[in-house]
Amino acid sequence: MQNSTLLEPWDVDIGAQESWPQPIQLYQPYEVEQILLPDNANCLAVQAYLKMCNLEFQIEPRWNAEYMSPSGKVPFIKCGAFIVPEFDNVVAFISNRGSSLSESLSKEDKVNLRAYTSLVNNVLYNAELYVCWCHDETYKSITKERHGSVYPWPLNHLLNWQKKNQITKKLSILGWAHKSLEEVFEEVNKCCEALSERLEDKMYFFGDKPNELDALVFGHIFSIITTPLTKDNALANIVKNYPKLINLCKSIEDRIISPHAIDRVV
């Protein structure tokens with residue numbers, strides 16, 4: 001892995017005309033015992049986007065996936081000589097190789113696409129990080145055990161502490177660390193309201209064809225709904241108040257991902 005090329009923002013068009021090395025390898029943590037809500041959301045978003053682009057890929061679960069990733073974040077894909085971490089970079093890489101799902105959008109729609117993508121990343125992702133790492137009940141009952149499950153004692157405690165410290169500092173810089181749980185939930189509610197209003201009665205956010213925003217929203221909404229967290233599962237209950245977003249998830253699950261897993265979205 002060390003000899004592969006890390007994709008940088010300035011070389012996303014390298015090899016744009018080359019044929020795709022198939023299949024793509026997608027690296028992520030173990031789903032059953034290890035992965036946490038924020039990482040699962042981004043992994044599902046990348047999987048959905050690859051499916052939308054009709055690109056074959058193999059999921060390669062690794063206990064140390066985040067340490068294998070050049071950015072320290074999951075998922076990442078290995079495509080030929082390139083290692084590309086994180087959803088936005090994967091979209092840019094694939095788009096610059098001729099598989100853009102948003103190229104035909106108008107200038108106004110492209111502006112809206114970037115705005116709503118930023119909204120999801122700045123609200124839903126930060127809220128997921130907050131609940132998993134800053135909410136004591138969730139951290140003690142779920143996060144500690146899952147994140148540390150693949151490491152021996154006392155390394156599991158050390159890495160949990162390091163990760164919690166890292167996430168708390170990140171959220172503090174962004175103004176999230178000192179929010180109350182109710183304030184976080186209100187941010188999520190407003191985000192879902194804005195997404196639902198944008199979606200209206202369309203099948204996807206920009207008409208009858210999906211693009212990266214649909215994949216990203218699917219990853220986060222689906223993960224929130226299907227991941228048990230606090231006892232009352234308040235985060236999922238907020239999302240369930242927006243049936244248009246739930247129907248979007250069902251549509252993507254039914255038409256693009258797998259018709260057999262749709263029953264998990266309720």
Side-chain angles (χ1 to χ4, degrees), residues 12-13 16 20 24 26 40-57 75 77 79 84 86-125 127-128 187-226 236 238-266:
V12 292
D13 60 342
W20 282 99
I24 296 168
L26 188 154
N40 191 47
N42 286 320
C43 290
L44 282 179
V46 170
Q47 291 177 34
Y49 188 75
L50 293 175
K51 288 269 191 178
M52 290 174 182
C53 293
N54 295 315
L55 293 172
E56 296 180 12
F57 64 94
I77 65 170
C79 182
V84 189
E86 304 178 55
F87 179 81
D88 289 343
N89 289 333
V90 170
V91 170
F93 178 69
I94 291 174
S95 297
N96 280 279
R97 293 180 70 103
S99 296
S100 174
L101 299 181
S102 55
E103 184 178 10
S104 61
L105 295 180
S106 66
K107 289 184 178 179
E108 181 181 357
D109 281 344
K110 287 180 179 178
V111 170
N112 286 326
L113 172 64
R114 290 191 293 270
Y116 283 98
T117 297
S118 178
L119 178 68
V120 174
N121 288 328
N122 291 331
V123 176
L124 295 186
Y125 181 57
E128 292 159 2
E187 293 281 0
V188 172
N189 186 59
K190 289 189 288 188
C191 176
C192 289
E193 183 178 5
L195 290 171
S196 183
E197 289 178 355
R198 170 67 204 188
L199 185 58
E200 296 179 320
D201 295 319
K202 301 186 294 293
M203 179 176 294
Y204 302 111
F205 280 101
F206 293 92
D208 58 357
K209 294 182 179 179
N211 60 33
E212 53 263 40
L213 177 60
D214 300 282
L216 185 63
V217 171
F218 167 79
H220 285 277
I221 298 298
F222 187 93
S223 295
I224 289 172
I225 290 173
T226 58
I238 291 172
V239 174
K240 290 178 182 179
N241 287 326
Y242 295 91
K244 292 177 182 179
L245 299 181
I246 303 300
N247 289 336
L248 172 71
C249 285
K250 289 181 177 179
S251 176
I252 292 175
E253 182 67 30
D254 187 31
R255 297 169 181 268
I256 298 170
I257 307 297
S258 168
H260 304 295
I262 191 170
D263 291 338
R264 289 185 292 171
V265 183
V266 293

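This is a predicted model, so every value here is computed, not measured.
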Taking the side chain as every heavy atom from C-beta outward, state whether Ile221 and Leu248 have any pair of such atoms under 4.5 Å apart.
-> no
Any ion pair linking Asp109 and Arg198 (charged N to carboxylate O, less than 4.0 Å)?
-> yes
Answer yes or no: is there a side-chain heavy-atom contact under 4.5 Å between Val46 and Glu86?
-> no
Which distance, rounded to the nearest 0.5 Å, do you find between the CD of Glu253 and the NZ of Lys51?
-> 9.5 Å
Glu103 to Lys110 - nearest heavy-atom pair and separation = O-NZ, 3.3 Å
Taking Ser223 for the side chain and Gly219 for the main chain, is one N or O donor matched with an acceptor at less than 3.5 Å?
-> yes
Are side-chain heavy atoms of Tyr116 and Val217 found at a separation under 4.5 Å?
-> no
Report yes if the side chains of Asn247 and Lys250 come closer than 4.5 Å at any heavy-atom pair, otherwise no.
-> yes
Find the distance between CG (Leu216) and OG1 (Thr117) and round it off to the nearest 0.5 Å.
-> 6.0 Å
Closest non-hydrogen contact found for Tyr49 with Ser100 is OH-CA, 4.4 Å
Enter the distance from Ile77:CD1 to Leu26:CG here, rounded to the nearest 0.5 Å.
-> 7.5 Å
Identify the heavy atoms of Ser99 and Cys53 that sit nearest to each other, and give their distance.
-> O-SG, 3.6 Å
Taking the side chain from Lys202 and the backbone from Leu199, do they hold a donor-acceptor pair closer than 3.5 Å?
-> yes
Minimum-distance pair of heavy atoms, taken over all atoms of Ser196 and Lys244 | OG-CD, 3.6 Å
Would a distance-only check, ignoring hydrogens and angles, find a side-chain to backbone donor-acceptor pair under 3.5 Å from Tyr204 to Leu213?
-> no
Find out whether Asp88 and Asn121 are in side-chain contact, i.e. whether some heavy atom of one side chain is under 4.5 Å from a heavy atom of the other.
-> yes
Walk me through it: do Val84 and Ile94 pass the test side chain to side chain contact (heavy atoms under 4.5 Å, CB included)?
-> CA-CA 10 Å; Val84 189; Ile94 291 174; over 6 Å; no
Taking Lys209 for the side chain and Ser102 for the main chain, is one N or O donor matched with an acceptor at less than 3.5 Å?
-> no
Does Gln47 reach the side chain of Ile257, with side-chain heavy atoms less than 4.5 Å apart?
-> no
Is it true that a side-chain atom of Thr226 and a backbone atom of Phe222 form a donor plus acceptor pair closer than 3.5 Å?
-> yes
Supply the atom-to-atom distance Asn189 CG to Asn241 CG, rounded to the nearest 0.5 angstrom.
-> 7.0 Å
Distance col, row Ile224:CD1 vs Glu128:CD, nearest 0.5 angstrom, shows 4.5 Å
Are Asn112 and Leu105 side-chain neighbours, meaning at least one heavy-atom pair lies under 4.5 Å?
-> no
Pick from Ile252, Leu101, Ile256: which one makes a side-chain contact (heavy atoms from CB on, under 4.5 Å) with Pro210?
-> Ile256
When you measure from the side chain of Asp214 to the backbone N and O of Phe205, does any donor-acceptor pair fall under 3.5 Å?
-> yes
Is there a side-chain contact between Glu187 and Lys190, using heavy atoms and a 4.5 Å cut-off?
-> yes
